[in-house]
Structures are given as structure tokens and as C-alpha cells.
Amino acid sequence: MNIASVIVDVPAKQTDRAFDYKIPGHLAGVIQPGMRVIVPFGPRKIQGFVTGLKTESEFSQLKSIAEPMDLNPVLNQELLSLGDWLTEKTLCYKISAYQAMLPAALKAKYEKKLVLAEKADRVALPEKVQTLFENTEAITWDEAVKDGTLSLLQKEATNGNIDIIYQVKERVKKKKVKQVFPAADRNGLAEYIEKLPANATKQKEVLEYFLQDDSPIEQKELFSFLRITSSTIKGLIQKGLLGQKEVEIYRNPFGDREFKRTEPLPLTEEQRKAIIPILNSIEEKRHGTFLLYGVTGSGKTEVYLQSIQRVLQDGKEAIVLVPEISLTPQMVNRFKGRFGDQVAVMHSGLSAGEKYDEWRKIQRKEVKVVVGARSAIFAPFENLGIVIIDEEHETSYKQEENPRYHARDVAIERAGKYKCPVVLGSATPSLESFARAHKGVYQLLSLPKRMNNQSLPSVEIIDMREELREGNRSMFSRVLLDKIKDRLEKKEQIVLFLNKRGHSSFVMCRDCGYVINCPHCDISLTYHRFNQQMKCHYCGYEASVPNTCPECESEHIRYFGTGTQKVEEELAKVLPEAKVIRMDVDTTSRKGSHEKLLDQFQEGHADILLGTQMIAKGLDFPNITLVGVLSADTMLHLPDFRSSEKTFQLLTQVSGRAGRHELEGEVIIQTYTPEHYSVELSGEQDYDKFYEREMMVRKIHRYPPFYYISLVTVSHEELMKSVSVTEKITQYIQSRLSAESIVLGPVASPIPRINNRYRYQCLIKYKREPELGRALKKVLDNYQHEIAAGGLAISVDLNPYILM
DNA sequence: CGAGGCACGTGT
DNA sequence: CACGTGCCTCGC
């Protein structure tokens with residue numbers, strides 16, 4: 001086994017296969033599959049993943065592995081083969097698959113440097129080069145480019161006087177602290193204290209401290225505790241009384257926050273019925289996928305917790321996926337509260353270093369449970385006992401860049417190997433999952449009632465057209481405003497929901513109707529009050545609002561569409577006495593601000609919580625008795641076959657925020673399309689009826705779950721090029737598929753231009769096409785050249801969630 | 001992806 | 001015929 005197969009860190013078609021390397025003698029036995037290594041590749045050195053070991057290679061002139069990057073493999077055998085599976089299912093490169101499974105901190109960084117060659121004769125070099133290397137061993141390539149000496153240096157490089165070296169660097173270092181400990185025993189210390197000169201008070205204090213407690217202590221801590229500096233320690237170290245060592249520590253994103261320990265709650269009869277099949281599956285070591293369908297507040301989390309408990313009893317591990325966890329601190333609390341420090345948390349709010357540390361806790365088997373967002377599905381457990389996906393219908397489980405995987409699919413694949421259950425939980429399951437549950441592919445478990453038999457909040461739908469007709473032009477209907485006032489008086493809390501951040505969604509001239517668009521993208525600019533600028537949410541273009549219409553020079557420029565910022569201003573005008581907390585991407589971007597705002601609200605420092613999507617999930621405050629949805633239609637008219645589903649889910653979820661405890665809850669939904677079934681049925685909170693209606697629509701239009709869909713998006717700077725390439729792709733795909741499949745295209749993408757690139761699409765609807773993957777791969781291969789050159793971009797998404 | 005090779009073109 | 005520019009191919 002002196003040869004290693006290595007997947008190199010070059011995302012390209014030609015390198016998407018294993019390269020063989022010799023394992024040098026001194027690394028024999030060290031190199032194992034799943035390790036990262038540094039290998040020479042062409043003229044440079046790059047990172048690679050060892051995928052296997054062997055004794056022979058077809059290739060005769062093997063190079064040697066330069067050095068290992070890990071002491072232990074970062075990918076176990078199961079994850080390595082999961083990488084193969086991912087590659088096949090999403091048509092991505094192997095290297096992309098591996099990288100997606102690891103924290104970003106493990107992705108290599110490269111640096112190119114210039115150093116004087118050993119044989120170089122310093123004095124014979126051009127003066128300029130001599131001065132460059134006067135005070136330094138090496139200069140980076142970037143530096144050389146910047147001060148324009150590159151061509152000169154390159155010449156010397158060809159002469160052999162300068163070497164170009166390639167370095168692979170780690171992104172994040174393990175965090176270490178210096179610790180101090182006594183090097184002598186108690187008697188030795190005591191003896192020495194006697195001998196110290198009388199004025200050495202500080203040294204004496206230190207030794208006396210260690211006499212009390214001889215365990216190692218962090219140097220910094222000792223400094224502040226005894227009010228000393230490093231010089232005191234230094235003296236004692238020199239005398240051989242103290243020792244110093246570096247210890248690896250974990251960054252702790254949760255600081256010293258304490259989690260109140262909780263005990264398993266007694267289950268209701270319904271919960272018991274739901275959990276039994278899951279427990280059976282765990283005990284019988286049988287893989288199965290369960291759909292836990294339960295209204296908000298029906299106690300799904302307790303079912304998760306007790307299932308995990310059962311898994312831990314067997315010494316196995318659990319993965320819990322939650323949508324963007326930083327958004328649901330309450331959820332983290334529940335898991336940490338039940339399982340304490342056996343829990344690792346992985347979410348986007350953590351820094352790269354913190355994520356890496358959490359990941360290492362899993363790798364070193366220091367935790368048994370991981371709670372995290374999408375990518376936590378790749379947690380390097382080796383004895384997985386259960387996977388739980390909460391809010392199963394959330395679209396954030398689908399990655400929208402390569403590899404375009406869905407965490408649900410990965411979960412089922414992994415659980416299949418470990419013969420353990422997957423539990424999908426939701427109050428409003430995705431149609432796909434619910435349909436599968438009906439077909440018996442998943443096992444349906446229902447929790448139809450709220451705990452403590454609380455009634456669901458009453459929902460009232462307000463037709464905003466009616467309001468307008470009767471002269472109310474404000475964004476609050478009279479009913480909503482009255483109820484807000486009522487709650488303010490009663491000192492109860494209110495949640496207002498609007499699915500749009502910023503101030504206004506577009507800027508329009510009232511005289512000629514001209515809407516100001518982004519010059520690079522075919523999309524309107526959004527007005528941001530903060531700096532009086534209009535911004536493109538796709539390419540980042542910014543411009544100030546013009547004084548006159550660029551089209552007709554009229555001065556009647558107005559802002560249309562309402563965002564959270566504008567609502568906040570309006571609230572201040574109408575209800576100046578109300579204290580409002582606004583929560584959206586803009587107010588929660590700073591680390592920890594999300595939690596801080598929620599805490600403030602919970603502690604009653606505000607009457608109204610106003611926010612976007614992010615307040616729809618997980619909030620569970622007893623004092624909320626009124627939820628207002630300011631505009632239910634914002635999502636409804638998006639060009640997406642799932643827009644009804646998303647609207648229904650969102651409205652139902654938001655409604656669930658009201659009246660979860662003793663106080664009764666009320667929900668007001670304002671809309672311009674009260675007759676739409678997704679609005680109407682969310683008012684009745686009738687998922688089953690919605691499911692039936694929506695399934696009919698999907699069937700007629702041949703969308704999932706009746707058909708699978710795949711989407712090819714082509715983009716190029718030239719419109720005609722995009723169209724013609726898409727045309728060819730469409731024809732080719734059509735020719736490879738059966739007559740039952742539908743290939744639509746070329747059609748312009750719903751956003752036909754982003755960043756000056758024209759975007760065209762080909763949409764494929766099919767029931768069974770085993771050849772489709774191969775055909776799409778062929779397409780990518782065929783255009784590989786033009787893609788690599790950067791002119792053309794083709795994205796292939798098998799089962800897309802966003803059709804834009 | 002990034003480098004070196006090489007087929008051209010330009011200027012001497 | 002030397003050298004620069006852009007495309008192509010190769011990498012174990």
C-alpha cells in the first residue's frame with residue numbers, strides 16, 4: 001500500500017478523477033484514505049484528498065506526496081463514498097463534493113512566493129533585485145505584481161537565480177492558550193518560598209497560589225488574578241519552578257451562558273402514538289423515513305428529544321437539522337438544555353474558526369448530538385442513530401450552488417447506510433413529502449392537536465381593496481389598527497409580519513409610469529431610506545434617487561411597495577406611544593443582535609415586534625396575542641410554481657405565533673387577493689384541504705410531486721449566444737429523452753439579465769428518465785471549453801427550488 | 001485552476 | 001530572426 005489515489009483541488013472536468021502518488025517511506029502507514037495531503041501537481045503544489053491506497057498504478061512515473069495535512073482523516077469511509085453519491089446526484093466535481101462536506105476552514109489557501117535560489121550569487125544580481133531581497137527572505141507574488149518588478153524577477157527565475165515556491169496554507173489555526181504549571185512539588189515550592197528575598201513579593205504570591213492549587217492555569221487568568229505580568233512568571237520559569245505549555249482550546253460561541261437542564265416531559269397520548277414507530281425503528285435498526293405532521297405547538301420537539309434520548313442510550317449519535325439555526329435560539333436552548341455539552345451547534349452565525357471547533361468536537365467524538373443548518377447533515381459521525389429535519393418544508397435545505405444537494409436526500413442516503421430512521425417534522429409539509437407519506441414511501445405520524453388543548457388562534461382575513469374603496473389608504477386596516485390599540489392598552493404583545501425588508505421595493509415616476517431599473521440587471525432598484533440610495537439586490541449596483549424622471553423629466557417621483565423600514569416609520573406616526581422592535585436582515589446582521597432583540601421583546605421592553613421571514617419561526621412567547629400579516633400577497637405572484645405553497649406555509653407559520661399559552665390568540669391577515677385558496681385556507685388553517693387543492697394544480701400543470709423537474713440555466717454576455725446555446729441544449733436533451741417527458745425552452749429566465757449577462761433556461765419535466773443525468777453531464781462536458789474560458793456559464797439543477 | 005508550450009504576429 | 005500575445009493542453 002505505497003500508492004495513494006488523490007482527488008486534487010482543481011475543479012475542472014479534466015481533473016475530476018483520482019491521480020496516483022507514491023507514499024514516501026517516512027509516511028508509510030501515516031497516509032490514510034480521507035486525509036488531506038499536499039501534492040505536487042504540474043509545476044505547483046496543491047491540496048488533495050486521499051481516496052484510497054493501493055500497491056500498483058497504471059501510471060509509471062509517479063510523484064510523491066509532499067506532506068500530509070492531517071493527523072487523522074477528515075473524511076471517513078462513509079463520507080468518502082457519500083461524496084461519490086453526491087457527485088453523481090448533483091453532477092458536481094468530486095472535489096466540490098468533499099469540500100461541501102467539511103467546514104470552510106479546511107479549504108486550502110494558496111500562496112505564491114519568490115525566494116532567492118541557493119546557488120544565486122547575490123552580488124551579480126541586478127541592483128533592484130538585490131534591494132528587494134535585502135531585508136527579507138521571500139516576497140509574495142502579489143507584492144511583486146504591485147510594485148511592477150515582476151518581469152525583472154521572472155527573468156531571474158529563468159536564469160535560476162530566483163525560485164518560485166507554492167505554499168498551501170491552512171485557513172484557520174487551532175486556537176491555543178499558554179498555561180503555567182508548577183514544575184516542582186509542594187515541598188520544593190514551600191522550600192523555595194522561604195529562600196526568596198523579602199522584596200520578591202509577587203513571585204512569592206505566585207508560588208503560594210500554586211501551593212493551594214497545583215493544577216495548570218491559563219497564563220492570562222493568572223495575570224489578572226494575581227495582578228502580575230509576564231516578567232514575574234519568566235523569572236520563576238528560569239529558576240525551573242514553573243513550566244509553560246500550549247494547550248489547544250475551543251472557541252466557545254455560547255460563552256459562559258448557562259443552559260437550564262430539562263428533564264423529559266410526560267408525553268401526551270398523541271405524542272406517544274407518534275414516537276412508538278420511531279423508537280421501534282431505532283430498536284430494530286431498521287431504516288425508515290417518518291413524516292411527523294403536527295400543527296404548531298403540538299409538541300414535535302419533545303418527540304425529537306425523546307427519540308434522540310433513545311438513540312444516545314445505544315451509544316449512537318444524532319443529527320438535528322433546523323432552518324438557519326441562528327434564527328431559532330429557542331431551539332438551541334431546548335437541545336442544550338436536555339443534552340448539555342453533548343451538543344455541538346453549527347450555524348451560519350458562527351465564525352469560520354468557531355464552526356471548525358464545533359466540527360472538531362464531532363470528529364473527536366466529544367459530542368453525540370449536532371444541531372445545525374443544512375451542511376450539518378455531513379457531520380462526521382460514525383455511528384449515526386437518527387436524523388431529524390425540523391420544518392422539513394423549508395427551502396433553505398436546498399443548496400443553491402454546487403453541489404446543489406437537498407439535505408433531505410442526503411439524510412435519507414446516510415440513514416440508509418446506518419440503518420436508522422429519518423424524522424421529517426412540519427406543520428405544513430412540502431407537497432412532495434406529504435405525497436410520499438400518502439403513497440407509503442414515508443410513514444405518516446400525526447400530532448393534530450395543540451398541547452394543553454389550546455385552541456388555534458382565530459384568523460380574520462381583511463380585503464385591502466375594500467379598505468381602499470372606503471378611503472383607508474394606510475397600510476393598516478381599521479380592524480388591525482383597532483386591535484393593536486386594544487393590545488397596547490392591555491399590555492399584551494403584538495407581532496407584525498411583512499415579507500419585505502428595506503423601505504420601498506421600487507421607485508416609479510407617477511406621470512409616465514417609468515420604473516427605475518438596474519442598468520446591469522433586468523430588475524427594479526430598491527429604495528433604501530438609510531442613505532437615500534437605490535440598490536440592486538442582485539448585483540449590488542447603487543445609485544441615488546434622481547430628482548426628475550429620466551424618461552419624462554417630471555418631478556413626481558414616488559416610492560412604491562412597502563418594506564419593514566417604512567412600516568416602522570408609519571407606526572411611529574400613527575401610534576407614537578408604541579415601542580417597536582424591528583427585526584430583519586438589516587437590524588440583525590451583527591453577531592448576537594438577533595438574540596438580543598428577541599430577549600428585549602421577551603422581557604417586555606417593546607409592544608410590537610415587526611419583522612420579515614425570520615420572525616415566522618420558533619418564536620414562542622406567552623404574551624403574544626395578536627399577529628398581523630400586513631400583506632399576504634408579496635410571495636404569491638412570484639414566477640414560481642411553489643409560490644402558493646410557500647404563501648400558505650408562511651401564513652400558517654406566522655399565525656402559529658399567536659396565543660401559544662394561556663392567553664387566546666388572534667391573527668389578522670391583510671391581502672389584496674382574499675379569494676386565493678392559499679390565503680383563504682391558511683385562514684382556516686386547513687393544511688389537508690390546501691394539499692388537495694394544490695395537488696390538483698400541480699397535476700394539471702405537470703409539476704412535482706407528479707413530475708420531477710430539472711433546470712438548465714445558460715448565461716452569457718451576448719443575448720444571441722445565450723439563446724442559441726440554450727436552443728441546442730434543449731434540442732439535444734429532447735432527443736435523448738422519452739416522449740412522455742416535456743422539455744421546455746429556450747425561455748428567458750424570470751430575471752432575464754443579471755450583471756450584464758443574459759440568462760436563458762431549459763426546463764425538463766419527467767417521470768422516469770434514467771438517462772437524464774448522463775445527458776446533462778454530456779451537455780456540461782460539451783461546453784466545458786467555453787465555460788472554463790469564462791464566457792459561458794451553465795448551471796444544471798436536478799430538482800431546483802428556485803426557478804430564477 | 002494555472003503554467004508552460006507553441007502558434008502566430010510584429011518589429012528589426 | 002528575437003520577442004510578445006493569446007489559446008491549448010496537461011497535470012499522477
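Proteins get letters first, then strands, A, B, ... in listed order; numbering begins at 1 in each.
- Summarising the geometry, the separation between NZ on A:Lys107 and P on B:dC1 is reported as 11 Å, rounded to the nearest angstrom.
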Side-chain donor-acceptor pairs of residues 794-801 of chain A under 3.5 Å, sequence neighbours excluded:
unit_1	atom_1	unit_2	atom_2	d
A:Asp797	OD1	A:Lys398	NZ	2.6
A:Asp797	OD2	A:Lys398	NZ	3.0
A:Asp797	OD2	A:Arg404	NH1	3.3

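- Residues that satisfy the side chain to side chain contact (heavy atoms under 4.5 Å, CB included) test with A:Ala775, not counting sequence neighbours, are A:Tyr732, A:Ile733, A:Arg736.
- Distance A:Asp9 CG to B:dG2 C1': 12 Å, rounded to the nearest Å.
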Inset, instruction - Give the C-alpha distance, both sets of side-chain angles, the deciding distance and a yes or no for side-chain contact (heavy atoms from CB on, under 4.5 Å) between A:Ile764 and A:Leu772. - result: CA-CA 9 Å; A:Ile764 308 144; A:Leu772 180 63; 4.2 Å; yes

Do any side-chain atoms of residues 36-45 of chain A form donor-acceptor pairs under 3.5 angstrom with protein atoms, and if so which ones, sequence neighbours left out?
unit_1	atom_1	unit_2	atom_2	d
A:Arg36	NE	A:Asp70	OD1	3.2
A:Arg36	NE	A:Asp70	OD2	2.9
A:Arg36	NH1	A:Leu106	O	2.8
A:Arg36	NH2	A:Asp70	OD1	2.7
A:Arg36	NH2	A:Glu170	OE2	3.2

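- Under the side chain to side chain contact (heavy atoms under 4.5 Å, CB included) criterion, A:Ser715 pairs with A:Arg757, A:Arg759, A:Ala793, not counting sequence neighbours.
- Relative to the side chain of A:Thr15, the nucleotides B:dC1, C:dC12, C:dG11 differ in distance, and C:dG11 lies closest.
- Rounded to whole angstrom, the span from the CZ atom of A:Phe41 across to the P atom of B:dG2 amounts to 12 Å.
- Atom CD in A:Glu111 sits roughly 20 Å away from atom P in B:dC1 (whole-Å rounding).
- Here ring pair (Phe, Tyr, Trp, His ring centres under 6.0 Å) pairs that include residues 51-103 of chain A, with residues two or more places apart or in two chains, are A:Phe49-A:Tyr98.
- Under the side chain to side chain contact (heavy atoms under 4.5 Å, CB included) rule, A:Cys762 has a single partner from A:Val712, A:Leu776, A:Val779, which is A:Val712.
- Rounded to whole Å, the distance from NZ on A:Lys13 to C1' on C:dC10 is 13 Å.
- For the segment residues 49-60 of chain A, no residue has any heavy atom less than 4.0 angstrom from an atom of DNA chain B.
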N/O contacts under 3.5 Å, protein versus nucleotides 3-8 of chain B?
unit_1	atom_1	unit_2	atom_2	d
B:dA3	OP1	A:Lys112	NZ	2.5

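- Following rounding to the nearest Å, A:Tyr110 (OH) and B:dC1 (C1') show an atom-to-atom distance of 9 Å.
- At a threshold of 4.0 angstrom between heavy atoms, the contacts of A:Tyr21 are confined to the sugar-phosphate backbone, with no base atom among them.
- The ring pair (Phe, Tyr, Trp, His ring centres under 6.0 Å) check on A:Tyr110 picks up nothing, with sequence neighbours excluded.
- Atom P of nucleotide B:dG2 and atom NZ of A:Lys45 are separated by 18 Å, given to the nearest angstrom.
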Distances under 3.5 Å only, N/O to N/O: pair up the protein atoms with those of nucleotides 7-9 of chain C.
none

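- Under the rule for a side chain to side chain contact (heavy atoms under 4.5 Å, CB included), A:Ala104 has no partner lying at least two apart in sequence or in another chain.
- Every residue meeting the side chain to side chain contact (heavy atoms under 4.5 Å, CB included) condition with A:Ser524, not counting sequence neighbours, appears here in chain and number order: A:Phe506, A:Val515, A:Asn517.
- The CD1 atom of A:Ile23 sits 17 Å away from the P atom of C:dC12 (whole-angstrom rounding).
- Applying the ring pair (Phe, Tyr, Trp, His ring centres under 6.0 Å) criterion to A:Tyr541, with sequence neighbours excluded, gives A:His520.
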